Amino acid sequence: MSVGFDIGQHVLVPKHEILSKEKAREVLERYKISPHQLPLIKSSDPVVKAIGAKPGDILQITRDSPTAGRAIAYRFVIEE
Amino acid sequence: MIMMRIPKLIDHVDFGMTSPDEIRKISVTKIVTADTYDEDGYPIERGLMDSRLGVVDPGLRCRTCGARAGDCPGHFGHVELARPVAHVGYIDAIYNCIRATCRKCGRVLLQESKLEEYHKWITEMKETGQKWWEMTNKIVKSASTTEKCPHCGETQASLKFEKPTSFVEGKNRLTPSDARERLERITNDDIMLLGINPKVARPEWMVLTALPVSPVTVRPSITLESGVRSEDDLTHKLVDIIRINQRLSENIEAGAPHLIVEDLWELLQYHVTTYFDNGVSGIPPARHRSGRVLRTLAQRLRGKEGRFRGNLSGKRVDFSARTVISPDPNISINEIGVPEYIARILSVPIRATEHDIEGLRNLIRRGPDIYPGANCMISPDGKRYDLRYADREELAKTIEPGFTVERHLMDGDIVMFNRQPSLHRMSIMAHEVRVLPGRTFRLNLSVCPPYNADFDGDEMNVHAPQREEAQAEARILMRVQEQILSPRFGGPIIGGIQDHITGAYLLTRKGTLLTREHSQQLLAAVGIFTDLPKPAVKEKGTEHWTGKQIFSMLLPKGLNLTFKAKICENRTRCKKEECEIGAYVVIRDGQLLHGVMDARSHKALDRCEVLDRIVKDYGTTAAREFLDRITKLSIAAAAMLGFTTSIDDEDIPPEAKERISEVLDNGREKVNKLIKIYDAGELEPFPGRSLRETLEMRIMEVLAGGRDRAGEIAEKYLGLDNNAVIMARTGARGSMLNLTQMAACVGQQSVRGERLSRGYRGRTLLHFKSGNLGAEARGFVSSSYKDGLRPLEFFFHVMGGREGLVDTAVRTAQSGYMQRRLINALQDLRVEYDGTVRDDRGAVVQFVYGEDGVDPTHSDNGKAVNVEKIIERVVGE
Ligand SMILES: [Mg+2]
Ligand SMILES: [Zn+2]
Ligand SMILES: [Zn+2]
Ligand SMILES: [Zn+2]
């Protein structure tokens with residue numbers, strides 16, 4: 001944040017959103033997994049800091065995809 | 001039912017350490033003497049070859065388990081070490097444990113609150129299946145920098161690790177005994193923070209007080225022909241250890257001076273270290289009397305020929321064969337020609353039933369030497385009768401349902417065929433056996449691309465699956481026809497090559513007319529015996545069929561396709577159906593109406609429209625049939641219509657030669673002019689480039705343009721009436737660049753993408769002045785291959801050629817290692833039924849396979865659906 005610009009605006013940074021408690025539970029239920037079986041992301045990650053996510057949150061990431069056009073992924077925020 | 005076993009489920013596996021108590025408990029005897037055998041050649045009691053440690057000599061019985069050599073697994077003994085000794089394999093862990101803990105109270109050097117926090121984290125990470133031991137590095141790092149113990153206030157001394165096994169604290173050397181004491185003090189709660197699971201290990205076990213002595217089965221002695229016994233390297237090492245251990249304990253008992261005891265102790269440490277690993281840095285490797293470096297425990301496991309890579313990942317197998325391969329266009333792509341002498345050795349077990357017992361009886365009578373016969377008979381109780389030595393007539397009478405006969409490999413059996421390096425799935429495919437004369441494996445040429453095989457002496461392996469499940473699995477999943485489409489790019493990887501393309505082109509090009517006799521001959525070669533269609537040309541009592549008509553007989557009904565052939569010149573305006581060279585291909589309802597068949601229609605690894613369509617719309621069986629037929633038809637057509645290529649295919653008339661040399665002279669002139677401008681300092685630099693770089697770039701541009709112009713001139717004289725050109729343009733073999741290099745001009749030679757400059761100072765060879773930047777001084781070859789290269793040109797050409805060779809050598813080594821790493825990283829990933837890609841612990845790697853969930857082998861150009869293609873297919877336009 002100290003860098004003085006919003007990294008979310010950069011073309012190389014896909015959209016990251018924090019899932020609500022219900023949405024997060026839905027995702028875990030859909031894939032029948034525990035949060036730690038999701039791909040992880042450190043709380044020290046610049047994007048995580050920028051959107052203010054906390055350890056334990058699940059992020060929804062909307063990426064551009066060369067095959068599908070748009071792809072959605074989820075990542076679990078962990079400490080450090 | 002011997003085969004039936006109660007299934008057991010492995011819940012989990014723990015890796016731990018062996019405690020001294022455990023070592024003593026599993027030990028069948030304490031080893032006290034370094035001697036092995038007495039004068040009569042019998043093992044000495046409590047010696048290194050004690051017969052309680054197991055037996056290797058045939059005839060003797062093990063004194064522990066009573067079994068004979070081969071059945072006795074061997075049993076551990078142990079040595080009581082006079083003084084403790086550090087285990088090299090754990091030396092890093094020992095170092096971590098000691099420097100992270102207090103030298104007085106043994107607690108981890110962090111605040112109590114911090115410890116509790118870490119504790120909580122680790123417990124949590126364990127529960128959620130994360131790599132909790134990775135926390136250790138962080139804990140050790142912060143703890144080892146603490147100067148004063150937060151628990152007892154003791155000031156910590158600096159600890160230095162001296163390779164390979166000693167520690168120095170402040171100025172004092174830490175003996176293994178000291179280290180062991182330190183390790184003993186660490187509490188079970190604390191060792192978890194250091195990466196050790198207290199349920200299965202204690203840190204002090206990393207410093208040995210008792211040394212396990214491996215069973216003799218692990219280190220068998222061999223008797224040479226002269227009757228001299230030769231001991232295994234491990235035995236030699238154990239002899240050293242026991243000798244020094246003995247001397248050490250004698251000296252300690254006799255109250256020898258401190259210095260002597262210390263020296264012996266260090267020597268013991270050296271021997272135990274090299275017993276485990278004779279390749280640790282910091283100490284000289286232990287050697288045999290002959291000077292050979294000993295091969296001890298770690299050396300047995302490590303490396304390409306070690307236990308892991310050599311014996312576990314790459315073990316040798318039965319029911320396999322290897323020989324040279326050769327081509328056979330007359331067998332199906334699904335088949336493999338197996339020489340009879342191999343078929344007599346490879347066998348398949350057949351369980352006798354009432355229905356086939358008579359046949360099996362016959363095979364038994366024929367025995368192992370007459371093909372087809374059998375090698376072995378097995379009775380229901382598992383007794384094996386080797387048909388080489390048995391009375392086969394007698395055995396044939398005894399066989400009844402329930403017996404098993406290992407009969408020779410026969411036509412129609414399924415085998416797996418493999419060529420190394422096995423870089424992708426299609427490197428091992430299942431083929432149906434055709435037992436044929438000769439000494440080589442034979443394969444259809446269409447399967448060369450997936451194996452990357454040619455016939456310059458390549459060898460391949462065959463594996464014969466034994467059980468019905470394995471055979472069915474191979475047949476359904478691995479059969480060649482199921483692998484036509486490559487998962488890499490979604491197009492055929494099995495398909496026509498070389499003559500399959502030329503032959504089809506010759507047959508389908510404009511003007512190929514065949515008499516009834518010729519047409520029938522071609523179809524007979526393919527194996528089509530139906531009536532000919534109506535002749536395309538019928539005049540004055542003669543009838544002729546076009547090659548397109550004959551070719552169309554291989555195409556399935558209802559096939560609609562429109563595409564541009566490989567020979568298309570990509571003119572600005574396409575004449576479509578009117579194209580003179582037939583580059584516009586139209587197929588309607590399985591009839592080739594316009595255009596020619598070339599690489600675009602059925603070449604492997606190309607955008608082969610026809611074959612691709614047939615696999616995807618008509619299935620793998622139809623595709624296999626098409627390929628089998630096109631192989632035969634193309635070759636028959638090429639043979640019938642006549643096809644050859646020779647060096648005069650690269651002939652061009654003298655006026656062309658003149659024009660080419662003019663163009664090249666022109667280029668040289670331009671280069672000289674550029675150099676003059678550069679020397680005069682009047683060259684305008686390109687943005688971001690130095691003057692020198694700019695000059696280089698412009699010279700390269702000029703020379704490349706010159707070569708291209710020369711090529712173009714030659715190409716004017718190289719038309720589709722030229723056989724070499726036919727091969728190049730249809731995509732069968734070679735390229736127009738290859739041809740113009742032969743006919744017109746070879747062009748600039750380069751190393752690392754630049755003109756040649758290495759050699760002498762400022763010049764490539766002594767024939768030039770230093771600093772000469774001219775075309776011929778820097779590796780421009782203006783001769784053609786056909787004319788021959790001048791000596792200096794030849795030298796430059798070799799320079800460029802060498803780079804290519806080095807590159808391929810380096811690339812294969814690098815990509816081989818990368819392949820290994822990738823396979824190790826990805827081998828457990830799979831696509832689950834919900835479309836996600838997961839690893840072995842169920843963690844998600846991709847939420848939708850490939851992000852679009854499309855299997856490339858079932859896609860059309862990578863897309864799930866291609867609407868245009870579907871419309872064309874259904875409507876026929
Ligand atoms: Mg070869
Ligand atoms: Zn035994
Ligand atoms: Zn302390
Ligand atoms: Zn055209």
Side-chain angles (χ1 to χ4, degrees), chain A residues 8 10-49 51 53-80, chain B residues 114 117-132 134-139 141-142 487-490 825-826 828-866:
Chain A
H10 195 279
V11 277
L12 295 179
V13 181
K15 191 161 106 192
H16 287 67
E17 298 159 290
I18 305 169
L19 287 188
S20 65
K21 279 269 154 340
E22 302 89 77
K23 278 272 175 59
R25 216 191 44 240
E26 231 171 74
V27 166
L28 296 180
E29 213 134 282
R30 180 154 79 238
Y31 295 108
K32 300 193 170 56
I33 48 174
S34 70
H36 279 283
Q37 288 173 305
L38 288 171
L40 308 176
I41 187 167
K42 281 185 180 172
S43 59
S44 57
D45 193 287
V47 175
V48 176
K49 284 196 223 157
I51 61 171
K54 293 276 159 306
D57 285 343
I58 290 175
L59 304 187
Q60 184 181 63
I61 304 161
T62 314
R63 303 191 177 114
D64 290 338
S65 159
T67 52
R70 218 168 55 99
I72 291 178
Y74 303 94
R75 290 177 82 171
F76 181 60
V77 183
I78 56 162
E79 219 118 356
E80 233 254 352
Chain B
K114 202 86 181 139
E117 194 183 328
Y118 279 129
H119 229 278
K120 230 180 65 204
W121 278 14
I122 285 178
T123 332
E124 199 188 293
M125 286 170 99
K126 254 183 178 169
E127 275 162 12
T128 51
Q130 294 177 81
K131 298 170 185 165
W132 60 274
E134 281 179 4
M135 287 294 291
T136 305
N137 287 336
K138 259 184 61 184
I139 296 171
K141 214 171 167 189
S142 58
R488 195 168 71 211
F489 51 92
L826 302 179
D828 296 319
L829 301 192
R830 62 175 190 169
V831 182
E832 295 287 349
Y833 283 99
D834 64 358
T836 57
V837 180
R838 304 196 186 198
D839 66 11
D840 49 344
R841 46 176 265 270
V844 177
V845 176
Q846 280 182 352
F847 287 88
V848 181
Y849 171 70
E851 294 188 335
D852 59 357
V854 173
D855 174 0
T857 52
H858 296 283
S859 72
D860 216 313
N861 289 319
K863 293 275 180 316
V865 277
N866 185 335

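Residue numbers start from 1 in every chain, and the chains themselves are labelled A, B, ... in the order their sequence lines are given, proteins ahead of strands. These numbers come from a predicted model, not from an experiment.
- Judged by distance alone, with hydrogens and angles left aside, the side-chain atoms of B:Glu851 form no donor-acceptor pair with the main-chain N or O of A:Pro66 at under 3.5 Å.
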Verdict with reasoning, A:Thr67 to B:Tyr849, per side chain to side chain contact (heavy atoms under 4.5 Å, CB included): CA-CA 10 Å; A:Thr67 52; B:Tyr849 171 70; over 6 Å; no
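- Looking at every heavy atom in both residues, A:Pro39 comes nearest to B:Phe847 through CD-CZ, 3.8 Å.
- Within the 4.5 angstrom heavy-atom criterion, only side-chain atoms of B:Arg838, from C-beta onward, approach chain A.
- Distance check: B:Thr836 OG1 to A:Lys32 NZ gives 10.5 Å after rounding to the nearest 0.5 Å.
- When the shell of 6.0 Å around CZ of A:Arg30 is examined, it contains more than 12 heavy atoms from other residues, nucleotides or ligands.
- When heavy atoms are compared at a cutoff of 4.5 Å, A:Ala71 approaches chain B solely by way of its side chain, counted from C-beta outward.
- In this structure, chain B has heavy atoms under 4.5 Å from both the backbone and the side chain of A:Ser65.
- To the nearest 0.5 Å, atom NE2 of residue A:His36 and atom CD of residue B:Glu124 are 6.0 Å apart.
- Only the backbone of A:Ile72 comes within contact range of chain B, judged by heavy atoms closer than 4.5 Å.
- At most 12 non-hydrogen atoms from other residues, nucleotides or ligands lie less than 6.0 angstrom from CG of A:Asp64.
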